Amino acid sequence: VDATFRYRPLRRAIYRRFQARTELIWSRQDGPVTVEPQQKAFGWYGLAEYQFARRWYAGARLDRSGRALDATLIDSGQSAFLTYWPSEFSQIRGQFRRTKYAEGLTGNEVLFQINFSIGAHGAHVF
């Protein structure tokens, strides 16, 4: 199951907008009868992103998931990101992600991403 909500105010819609997404997943694994006859895992994520200026976006994501082979083990994570679009052909994003694993370990990650889109597009005829 997934759902998306988009909001753009009628005034200043080019520079302000909000988007929220979520997804829910169920898993049922039939295993050997001697170990566990059936594992039922559940997972979800929720993401919110807000455009606060002409080319700037900020967002956050939460997720939680039971593992498919052992549903009693649950991993969860949080993430915050900031995105800048210098043009419609490039994107720069910084992100901090924190994941808590079922074994008691915690992973912290800082991610930096640059995307370039080049090639034919609708603005030019080739």
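Bear in mind that the values here come from a model prediction, so they are computed numbers and not experimental data.
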## Note on the structure
Here the pair of heavy atoms bringing Lys40 nearest to Ala71 is O-CB, 3.1 Å
### Message
Could you check whether any side-chain heavy atom of Trp26 comes within less than 4.5 Å of a side-chain heavy atom of Val1, counting everything from C-beta outward?
### Response
yes
### Chi angles and distances behind the side chain to side chain contact (heavy atoms under 4.5 Å, CB included) call for Gln91, Ile114
CA-CA 6 Å; Gln91 174 193 44; Ile114 299 176; over 6 Å; no
### Task
Output, in order, the C-alpha distance, side-chain angles, deciding distance and verdict of side chain to side chain contact (heavy atoms under 4.5 Å, CB included) for Trp85 and Tyr57.
CA-CA 9 Å; Trp85 288 81; Tyr57 298 79; 3.4 Å; yes
## Note on the structure
Heavy atoms of Ser27 and Gln29 approach each other most closely as OG-CG, 3.9 Å
### Task
Using distance alone, with no hydrogens and no angle criterion, decide if Gln19 and Arg6 have a side-chain donor and acceptor under 3.5 Å apart.
yes
### Task
Evaluate the criterion side chain to side chain contact (heavy atoms under 4.5 Å, CB included) for residue pair Leu24 and Phe42; output intermediate values, then yes/no.
CA-CA 8 Å; Leu24 309 170; Phe42 174 73; 4.0 Å; yes
### Query
Are Leu82 and Phe96 joined in one hydrophobic group, where the rule is that I, L, V, M, F, W and Y side chains link up if heavy atoms are under 4.5 Å apart?
no
### Side chains of Thr106 and Arg98 in contact at under 4.5 Å (non-hydrogen atoms)
yes
### Closest non-hydrogen atom pair between Pro86 and Ile92, with its separation
CG-CD1, 4.0 Å
### Task
Over all heavy atoms of both residues, which pair between Pro9 and Arg16 is shortest? Give the atoms and the distance, please.
CD-O, 3.4 Å
### Query
Is there a side-chain contact between Arg28 and Gln39 (heavy atoms, below 4.5 Å)?
no
### Message
Can a side-chain donor-acceptor contact be found between Arg64 and Tyr45 if the only test is distance below 3.5 angstrom?
### Response
no
### Task
Can you sort out the partners of Glu103 under salt bridge (Lys or Arg N to Asp or Glu O under 4.0 Å), two or more places apart, ordered by chain and number?
Arg67
### Query
Under 3.5 Å, is there a donor-acceptor pair linking the side chains of Gln95 and Ser79?
yes
### Message
Any heavy-atom pair between the side chains of Arg97 and Leu111 that's under 4.5 Å?
### Response
yes
### Query
Judged by atom type as modelled, is there a donor-acceptor pair below 3.5 Å linking the side chain of Arg8 to the main-chain atoms of Arg17?
no
### Query
Where is the tightest heavy-atom contact between Glu49 and Arg93, given as atom of each residue plus distance?
OE2-NH2, 4.1 Å
### Task
Walk me through it: do Phe81 and Leu47 pass the test side chain to side chain contact (heavy atoms under 4.5 Å, CB included)?
CA-CA 11 Å; Phe81 55 89; Leu47 176 107; 3.8 Å; yes
### Message
Between Asp63 and Trp44 (side chain of the first, backbone of the second, donor and acceptor by atom type, cut-off under 3.5 Å), is there such a pair?
### Response
no
### Query
Aromatic rings Trp56 and Tyr84: how do their planes relate, parallel, tilted or perpendicular, breaks at 30° and 60°?
tilted
### Query
Are Phe5 and Tyr50 joined in one hydrophobic group, where the rule is that I, L, V, M, F, W and Y side chains link up if heavy atoms are under 4.5 Å apart?
yes
### Side chains of Arg21 and Thr4, donor plus acceptor under 3.5 Å
no
